J.: 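Just dropping this structure here.
Since the model is a prediction, treat every value here as computed from it, not as a measurement. Heavy atoms only: backbone and side chains are in, while hydrogens, waters and symmetry mates are out.
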Amino acid sequence: MAITTAMCTSFKSELLGGIHDLDTHTLKLALIKASPSGTYGAATTNYSDVTGNSDEASGTNYSAGGQNLDGAAITVSGTTAIVDFTDEVFASATISADGCIIYNSSASNKAICTIDFSGTKTSTNGDFTIQFPAADASNAIIRIA
């Protein structure tokens with residue numbers, strides 16, 4: 001099916017309701033396999049949407065559920081609030097993925113956003129790195145204007 005880069009609609013509502021604390025909760029990044037059967041984007045509500053469709057990537061040195069995101073930093077750029085993370089590295093991995101989901105494991109695995117890699121990305125016994133964009137009002141992976 002398809003992956004779209006999007007902030008999940010449910011996350012926006014949950015953020016206003018005080019469910020997410022992005023700099024103290026445990027946020028995770030899980031990879032979505034190549035050619036997933038489900039559709040992921042703004043309508044995604046939970047990490048279980050991926051696992052329920054058996055669409056989580058699997059491979060050497062990758063564990064189900066993905067990895068904790070480190071270095072969450074909330075800042076403001078002009079009138080836009082942004083969140084940045086340390087680039088995520090799955091070390092010595094043999095894996096293929098078309099995208100990923102960022103979710104809050106401290107809040108019942110609620111989805112935050114989905115990211116499309118614009119094609120299948122692969123590593124063979126090497127580092128599979130998610131490089132986050134510049135932490136500014138135009139590019140940050142999570143931004144509220």
J.: So, taking the atom named OG1 in T45 and the one named OH in Y103, what distance separates them when rounded to the nearest 0.5 Å?
T.: 14.0 Å
J.: Pairing donors with acceptors under 3.5 angstrom, does anything connect the side chains of S48 and N46?
T.: yes
J.: Checking the side chain of K33 only, and the main-chain atoms of S54 only, is there a donor and an acceptor separated by less than 3.5 Å?
T.: yes
J.: As an exercise, state the distance from CG of D49 to SG of C8, rounded to the nearest 0.5 Å.
T.: 8.5 Å
J.: Please check if any side-chain donor atom of D98 sits under 3.5 Å from a side-chain acceptor atom of T120, or the reverse.
T.: yes
J.: Can you check whether F85 reaches L29 side chain to side chain, under 4.5 Å on heavy atoms?
T.: no
J.: Are I19 and N104 close enough, and set up right, to give a side chain to side chain contact (heavy atoms under 4.5 Å, CB included), and what steps lead you there?
T.: CA-CA 10 Å; I19 291 173; N104 187 340; 5.7 Å; no
J.: For the residue pair T26 and N68, what are the closest heavy atoms and their distance?
T.: CG2-OD1, 3.5 Å
J.: Kindly write out the residues that satisfy side-chain hydrogen bond (donor to acceptor under 3.5 Å, both in side chains) with T4, not counting sequence neighbours, or none if the list is empty.
T.: none
J.: Hydrophobic clustering (ILVMFWY, side-chain heavy atoms < 4.5 Å, transitive) - are Y40 and I101 grouped together?
T.: yes
J.: Ring pair (Phe, Tyr, Trp, His ring centres under 6.0 Å) with F90: which residues, sequence neighbours excluded?
T.: Y62
J.: Evaluate L22 against I74 for side chain to side chain contact (heavy atoms under 4.5 Å, CB included), listing each step before the verdict.
T.: CA-CA 8 Å; L22 300 183; I74 299 172; 4.2 Å; yes
J.: Counting N and O atoms only, with roles assigned by atom type, does the side chain of D23 sit under 3.5 Å from a partner on the main chain of A73, one being a donor and the other an acceptor?
T.: no
J.: Mind checking whether T114 and V50 have side chains closer than 4.5 Å, heavy atoms only?
T.: no
J.: Please name the pair of heavy atoms, one in I142 and one in M7, separated by the smallest distance, quoted to 0.1 Å.
T.: CG2-CE, 3.9 Å
J.: Does N53 offer a backbone N or O that forms a donor-acceptor pair with the side chain of S37 under 3.5 Å?
T.: yes
J.: For the CG atom of L31 and the CD atom of E56, what is their distance to the nearest 0.5 Å?
T.: 7.5 Å
J.: Are any side-chain N or O atoms of T5 and backbone N or O atoms of D116, one a donor and one an acceptor, separated by less than 3.5 Å?
T.: yes
J.: Please give me the minimum heavy-atom distance between I95 and A57, naming the atom from each residue.
T.: CD1-CB, 3.8 Å
J.: Which heavy atom of D84 sits nearest to which heavy atom of P133, and what is that distance?
T.: OD1-O, 4.0 Å
J.: Could you tell me whether a side-chain N or O of S123 sits under 3.5 Å from a main-chain N or O of A93, the two making a donor and an acceptor?
T.: yes
J.: Do you know which two heavy atoms are closest between Y47 and A30, and how far apart they sit?
T.: CE1-CB, 3.8 Å
J.: Compare every heavy atom of H20 with every heavy atom of K110, then report the nearest pair and how far apart it is.
T.: CB-CE1, 3.8 Å
